[in-house]
Structures are given as C-alpha cells and as structure tokens.
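Numbered from 1 within each chain, the chains take letters A, B, ... in sequence-line order.
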Amino acid sequence: MDDVAMTPEGLEWKFSQVFGERAAGEEVQEVDIISAIEFDKTGDHLATGDRGGRVVLFERTDKIDGGVHRRVLEAMDCSSSQHPEFHYKTEFQSHEPEFDYLKSLEIEEKINKIRWCQTANNAMFLLSTNDKTIKFWKVQEKKIKKVCNFNLDPPKPTINGFVTTSNAPTSFKTCFTNGGSNDNPLNFRNNNISLRGLTSLHLPTVTSHETSLLARCRKTYAHAHDYHINSISNNSDCETFISADDLRINLWNLEISSQSFNIVDKKPANMEDLTEVITSAEFHPSHCNMLAYSSSKGSIRLIDLRQSALCDTHSKLLVFEEHEAPGSKSFFSDIISSISDIKFSKGGRYILSRDYMTLKMWDINMGSGPVATFQVHEHLRPKLCDLYENDAIFDKFECCLSGDGQRVATGSYSHLFRVFGCSEGSTEATTLEATKNPTRRQVQTPPRFLRSPGGSDDVNGNSFDLTTKLLHLACHPSENSIACAASNSLYMYYA
Amino acid sequence: MSMVDEPLYPIAVLIDELKNDDIQLRLNSIRKLSTIARALGEERTRKELIPFLSENNDDDDEVLLAMAEELGVFIPYVGGLEYAHVLLPPLETLCTVEETCVRDKAVESLCRIGSQMRETDLVDWFIPLVKRLAAGEWFTARVSACGLFHIAYPSASEMLKAELRTIYSHLCQDDMPMVRRSASTNLGKFAATVEPAHLKTEIMQIFEDLTQDDQDSVRLLAVEGCAALGKLLEPQDCIAHILPVIVIFSQDKSWRVRYMVANQLYELCEAVGPEPTKTDLVPAYVRLLRDNEAEVRIAAAGKVTKFSRILSPELAVQHILPCVKELSSDSSQHVRSALASVIMGMAPVLGKDSTIDQLLPIFLSLLKDEFPDVRLNIISKLDQVNQVIGIDLLSQSLLPAIVELAEDRHWRVRLAIIEYIPLLASQLGVGFFDDKLGALCMQWLQDKVYSIREAAANNLKRLAEEFGPDWAMQHIVPQVLEMVNNPHYLYRMTILSAISLLAPVMGSEITCSKLLPVVVTLAKDRVANIRFNVAKVLQSFIPIVDQSVMEKTVRPCLVELAEDPDVDVRYFSKQALEAIDQVMMST
C-alpha cells in the first residue's frame, strides 16, 4: 500500500469492529474473558478462545461475494473504503473443567492457545489447548437431512437426530408410495419368491434443505504434559505439531493421539536446581526441522530436529541472548527479561520476542543481540516495585508481526496496545486504545473516569490501569488489520 | 408388520437402518450391504443402492470406512465385472474425505476393483477417475490419486501413459507435503508398472527430486523407495542411480533419514551385488552403527544379523564385529537391548571358531548388563548359539543372570524370564536344570504377584511336557504337593491350579494315585474359594480318571460339596456332577 510512504509517522489506525462490547457499568464475567486469538493462514477466519473453554469463530464477510468483486473494486481504487469485516460464524465448547484424580488437581477449561491447521474439503481444522489437553477440531457445514420413505414405519422422521413430530401414523402413509404392500398381504405368501418381494423394498429418501455448522472433536491429545501447556505450533509438513509446557516440548503426529515424542526436556534431576522454564515455542514457518523456544531467562533457542532425537543438550543451533551491561542490573532484571511470547516472521528470517518491557526483533542468523528493540511502556520502569508486589510483573503479553513484516504489535495496560514500524529507518510508534476510538488517548489527556482503583499516575501523568491489561492480539496475515482482546471484547482495527 | 413379507422383513429393517440415527445400527447395515444388495437384485443395486450410497456420504468416519471396505468386494452384487465401473463413483467420493483411514480404504478397494476390471473399462472409467482425483481441488483427492496409478497405467495407451507419467511427476512436486509424501510412498508400486526405458529416465528423475525434498518427511519415504526401485533396476543401473543416493542419505543431516537408511540398507545389498556392497554399503552401514544419534544406532544394531548374513563371514568379522563390540558397551541401554535381541543370530553366520573367540565375550558382557531387557533378550535367543557352540561355554554365566532376573523387583521382568524357562530347560538339559533351576521354579509358585504364580504353574506343566512324567514325578510333583498345606489360601489356590494343569500331562495313573487324594483333601478347606475350585478341578479330571475312580472318589466328594453352605461351591459342584452324568450317559 502506498500509505506507508505517504505517512512516514505510520499508519492511521481506525476502528473497524467490536464483538462482545461491554455496556457501561456491565460487569465482566470471568468465563467470557478472551484468552487466545488467532487468524488462519488466509486471514479469512479468526478464532478466539476464552476462559470458559469456548472457541468462537469469525468469518470475513467483505470477501464472501467473491474475489472478482473485490478485485473490481480495487481496480476502481475504491479499496480505501474496503476494510476487513468479520461476522460471527459459530462457537463451540472446546474444553470443560476437569479434575485429575491422580494428582488431585483441578484442570481449568481456559483456552491457552488456538492454532489453525490445513483446510481440507471446505472444512476448517484447528487445534485448541488448555493447560493439559490439546484437541483437534473440525468445523464443517453439514446438511440438515430429512429422511423419510422408510420400508417400515417405526422410525419417526428425523432431522439430524431430533424427532420432529409425534403425530406420525397418518402423515406417514403418504411416504409409502412405491411400497404397494398394504394391498394384499396374502399375495406375498403365495408367491414368496424374490422377484415378488423385490418390489416391496426400497431405499429411504433423503432430502436436505439447509446447512448448519457443526464442530466435531476429531482427536484428543492428552496425558503428555506434567506442567501447564503454554504453546502449540504446527509444523510446515502439515503432519506434526509441538506442544510446550514449562519444562518439556513434545512432538505429535496429528493423526496419532496415543503417543508423542519428547524433544526438549529441561527438567533437572533435582527440581531445586531449576533455574529457567520454557515460556513459548514455535515452529519455523517453512523449515520443518527448525523450532524456537524462549525461556524465562530471556533467551531464545533455535534448535534443529535433524541433529538429534532429544534436542535439549547439544543440538542448539543458536542461542539468542542480550548481555546487559553489568551496571544496569537490578533486582527486577531477571524477572522482566523473561520472554512471554515469540513469533517467527512470515519468511522465517526474524523472530519477534516480547519481554515485560520491550519487544525485540532478532535475526535468526545473529545471536549476539536483537536487530531492533522497541520500548513498550518505559514509563512503568519506576513502578516495577509496585508491579512486582501485585504480581503484574508476571503478566504474559503476546506479540505479533504484520503479514508484510513491516510492523510489530503488542499489548500493555489500560487496554492499550502499541504498533511499531520495524522496517529499516521507520520511526513509527503508535499507541492505540482498545475502544471504538483508538486514538483518543493521544489527543486528549486521559479522562479521569477511566482509572480504576488499581491504577495510578506516574510522574509524567500517564495513567495505567493494571486490571485492564491487553494480553492477546493478532495481526492479519496479509492486510493491515489487528484483532485484540480487551477482557471479554474483541476489537478490530485496520489501516 | 403383516404388510411386509417375513423373509423381507429383516432386509427392510436393514435398509431403513442405513439412515438410522444410531451409528451402531447404520454401521451394522453397511456391514450387511451385500445382504441388502442380494435382496434388491443386481439391477436395482446398480440403479438405486449404489447411487444412494454415492449421495449419502457425509456420514461418520466409521460408517464411511465400513462402506469403503464393503464396496471393494461388491462386484458380484452389481452384476459382475461387466458392471464393476458402477462402483467407482461412490469410492471416488470416499477418496476425497479428510479422514486418512477412510481414504486409504477407498483407495485399497478401488485398486482391488481396478485390478479385476476389463481393460477397456479401465480406459473408459478408471483412468478418467485417476485423472480427476489427481487434479482435485483439495489435497485429499490428490493424495488418494497417487495410490491408483499402478492400476491405471498398464492398460493405458502410449499417449495416455505419457500423460499419466507427467501427472505423477506433477504430484511429486505438489505444494502440499501430504501429496508429495503419498507420491513418494507409492512411487515403488507405480515404477514397477512402468516400462524400463521410462523407468530409467522419467521415474528416476522423479525419484531424484523426491530425494532432495525440503521436507524431511518426504525424504524419509524416498529412502523406502530406494530399495523398491533398486529391485526393479538392472544391477548396473542400480549402482549408477540408487547407490549414490543411499550413500548420501546415510549421511543426511536429519537423523530420521539416517534411521530409515539403517532400517533399509540390507535390502539394497542384494540389488547392487557383492562388490558395491563391499565398497560402499558396508562403510555406510558401519557409519550408521557408529552414528551420533542413539535412535540411529538402535535401528542399525537391530539389523546386525540380517546384514551379516548377506556378507561373507570374513567381511562380517572384519567390519561389523568391531562395531558390535563397541555397541555392546554403548551408553544407551536401548542400543544394547536392540543388539542383544539379534546378536545371537550372528553365531551361525560366523561359525564356531569366531563365535567362541569374538562373540562369546560379548554375550557374556551383555548377560551381565545392568539393564534387565538386555539380559532377557540374550536369554530369549539362546537356542541359536547352542546350535553352534553348545551351551557349556555359556552356562556358567547364565545361571547368575537367570537367578538375578528371577528375583528382579519388577514383576514383568520375572514374568519374562519364566516364559523362557522351558526354552532354557530344553537347551541346558535335565542335569543343569535339576541342580540350578528347579528351586527357582518352586519359588515362583509363592510369588507375591498373581501373574507370576499363574505363569509359574503353567511353567511346571511345560517342564513336565519337556522332560516327561517320570521326571516330573520325581522333581515337580512331590514339591508341589508339599506346598498344599501353606497357611495362605492364595498359595493353596496356586497349587490347585498347578495340579489341574499337570494332571493331563501326568496321565491317569499318577493323577489318581497322587494328585486326586490331595484335591479331595482340599475339598475340606475352610476357604470357600478353594472348595469351589476343587469342584472345578474335579470336573477337569473327568476325561483323565477312569470310571471306577470317578464313582469311588470324585463323585462322593462332589456330592458332599453340593451340600456346601456356600452358594458358589454348590453351583460349581453341581455343574461338575452334571458333567459326570453326561459322560456316563454317553458311554
């Protein structure tokens, strides 16, 4: 798009849509809080997961009329009026609360991650996971079938399993059209040969009028994680995926739910020696053998599955770590350097990482330091002590890269999120608020009523509200569009 | 119900249940599709049933899988080969579903039908189907297409053959790795139908592309193709085209590819002949035996014997044996275990002298391995060594190994060694057994774990079979009968089951004189479980003991038990009495 060149400061982000907007004063139900967002590869579908274990799917509507229409519009230079528009498609209950009796542990239903898989036969496939169990879902349009004209009358006409009417007997006579059997039962007995009998057998008639979306759980990958699963990621071979918990990464075949292979094991022989945990893991977008995982110590490891079956010891390709100047170390350094999320760029050349204070862009060919660092909320640095006391310092913010690799985005507090230009020489740094008017913060001084008791002003008068953190967001894979979760609401922006 | 004729009624039910809401009923109907078809007749099957199945195919996977399977054997029901093509449309749709096992089954059925179809029908119906699938919008269709080429190709015209080859090469370059994997898997089958001239050019080109695929999963499958293609080619072509590939594969960056090579390598030896085996494949195999990755060494170690068999003994001693020595002290227990499970087979290959000089020390060190699986694997294959060098050289080391396994704290290990005791007994001979192992066999009868006691009882029976009743009378029966007074009823139960197992082997006389009195004594046991088991054992004695003993001893005992206060005891003794009466009546 030409916009980039025209507005060097960056794109002008505009509100596009909101789903589940909260009315003023409405209390948020815990189960409705969104805990995962993911666009599919084409960007035509968006999935969100929530703490109640539900997965909600959205589908793009502005493209539905067909690509031709859109191309015509673009040719007419009307594309500026076009922005991705989604509508609610369906939802399903992916996970239920469970209880592990052996370990006496409650397992929350909260969806930690969603990943889209390869589409096939117009059916959508996705993986969703809570702390322990990964599920493979198929969502497909199913015809609603109506079966009638049975040979015998017992079964009532059904519509996909639901008995519709109970006034059957009379209305069913009509269905017996080619049976002709009630004329003369004796006839059969006299000519009890197959030929005569044949005419009285017929196949039921199936008619279908409408379709409905049906989500079916195809596979359940369970009992492979002792700790909480923080990531799942598909391999480019469309055959395998990984799941990572605090200490281990397992490799699964999508078709086999009974076994997985452990490929990284960070569990020390003695748990007292534990110094770091795995925080996030992702496959390289095109190299089937490469995967990266981040740790609570602020490092990212790129490993090669070809080198060894168990990749935790000697087969590191590269470790990415930034070495801090010794003087700058503080009590919080270790905590805030913990990486909460990593994402590969589309081509796989770069990895974006998010730690508590910054976003960092790494070149996978250079481990010595990031190629770019973006301060997300530097004004919080003097407040680290408070943030530590109320545990906010352990919040896990996600990050994302735009499809063209030109921008990166991540969330902050007060329902704010930031978008940075990451192309060479770009100074773009935008702060947006997840409301219908995303840019109002920049123009106005923050309105007082926005502040909740948990919030406070820092020395510069910037307010922040720790209860309204924006942890989850996703970039559209091909257009300038961002979806982000502000507690139970899904906000979408475009530029 | 009177409206429908009786014989038709079950069929009508079956037909209706094709669309029942209960998946089990639908499944049942689909499984009986042939019954429905027979009732409808060939013509109506063709004109109504098959189209009906084609249209109603968005069912559950289990139902679709069953349908795919049934249609594969449906030719007789549609009117024979002449009409075989009517079965293609429903299977074609099943070839496109997302569930892999349904697609695989549909492809299998299509192949089965296709291989019977008349040549002209193949050209008219089957080949267009393959082309349609290969051009399918979704990868599922294209994946299925790959598995059908070897059926379609032979009957195609020259022009069509060229087209099919081109289509296949496109499939090998498909964007979706699943399609390339399928093309790679099926390449061997397809290549077998292609003329030698094209094999060397086009197919080898396809193969070469697959061997360089970015996706490890595709290259893995290309390794399997090596052996298949190697067998099709002339030795010199195999040496020119396949050998370099396999040598490169054996040094592939991905351990999974090397793992596949380790598994497949020996198959290629025959295809290339002895000289290239010696110069290229042996070094490649030796590299794999010394691979950095334990998984690769496991695979390679597991093929040591198969590989050695192909080589001359000199080569095996010179190249393979040194590696085997290293592997026997490998850091990975799984490598040692894999080695232990096959290494005994090398003895016949190497001959007596080399076995004694070279292999024996390795056997002995593996017999002392800290990991029980390794020791068990050695013991399980003892017979192979015995044939070559006799057991004496090993027996001194065997005993401690067996005793240790017999007392292992994991009951599965104990169970495994018990299973091998009859084999050991037959190899080691009576003398050795009496001295060393007899006591162990009795000890297991009093194991804390039921499965062990059960296996121990069974073991006694197998030993009695091996060494004969006379031996058993001396070495087993007295010891077993001694234990019958054990204060613990579960142990008495074990003895009871041992007796019932031994009785048929020992024969009528010993059963009556030795075993029966003990069983009768147990009928007075204070534990009801023992008493009803006595009833069961007595019933099992019926074919063994003769009639007079039956009337004199068995029946009175059972009659008494039939009055037992315990309901189960009464039940089983009554059953036994009925059985006796039946036998009496029939004689």
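With hydrogens and angles disregarded, a donor-acceptor distance shorter than 3.5 Å links the side chain of B:S54 to the backbone of B:I50. In this structure, A:H284 contributes its side chain and A:H287 its backbone to a donor-acceptor pair below 3.5 Å.
Residues meeting the side-chain contact (heavy atoms from CB on, under 4.5 Å) test with A:K267, sequence neighbours left out: A:Y227, A:L247, A:R248, A:D265, A:M271. Under the ring pair (Phe, Tyr, Trp, His ring centres under 6.0 Å) criterion, A:H45 pairs with A:W116, sequence neighbours left out. A:F92 is linked by a ring pair (Phe, Tyr, Trp, His ring centres under 6.0 Å) to A:W137, counting only residues two or more places apart in sequence or in another chain.
Ranked by heavy-atom pairs shorter than 4.5 Å toward chain A, the options B:V218, B:D61, B:D252 are led by B:D61. Highest contact tally toward chain A, considering only B:V257, B:D291, B:D60, B:L18, is held by B:D60 [criterion: heavy-atom pairs under 4.5 Å]. Interface summary for chain B: among A:N122, A:N235, A:T205, the most heavy-atom pairs under 4.5 angstrom belong to A:N122. Your options are B:R256, B:R258, B:R219, and the one with the most heavy-atom pairs under 4.5 Å with chain A is B:R219. When the candidates B:K253, B:E295, B:E137 are compared by the number of heavy-atom contacts under 4.5 Å with chain A, B:K253 comes out ahead. Contacts with chain A were tallied for B:D22, B:T140, B:D58; B:D58 has the most, counting heavy-atom pairs under 4.5 Å.
Interface remark: A:S236 contributes backbone and side-chain atoms alike to the contact with chain B (heavy atom separation under 4.5 Å). At a 4.5 Å heavy-atom cutoff, B:V296 makes no contact with chain A through either its backbone or its side chain. Both the backbone and the side chain of A:E239 come within contact range of chain B, each with at least one heavy atom under 4.5 Å from a heavy atom of that chain. For chain A, the nearby part of B:D214 is the backbone; its heavy atoms alone come within less than 4.5 Å.
Here the straight-line distance linking atom OG of A:S258 with atom CG of A:N253 works out to 9.5 Å at 0.5 Å rounding.
With B:D174 as the partner, the side-chain hydrogen bond (donor to acceptor under 3.5 Å, both in side chains) test is satisfied by one option alone out of B:R181, B:R142, B:R180: B:R142.
Chain A is approached within less than 4.5 Å, heavy atom to heavy atom, by B:E98, B:E99, B:T100 from residues 98-106 of chain B, ordered by number.
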Yes or no on side-chain contact (heavy atoms from CB on, under 4.5 Å) for A:T90 and A:V139, after CA distance, side-chain angles and deciding distance?
CA-CA 9 Å; A:T90 186; A:V139 183; 4.1 Å; yes
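Annotation for B:N186 and B:C146: closest pair CB-O, 3.4 Å, computed over non-hydrogen atoms.
A salt bridge does not link B:E293 to B:R297: none of the charged nitrogens lies less than 4.0 Å from a carboxylate oxygen.
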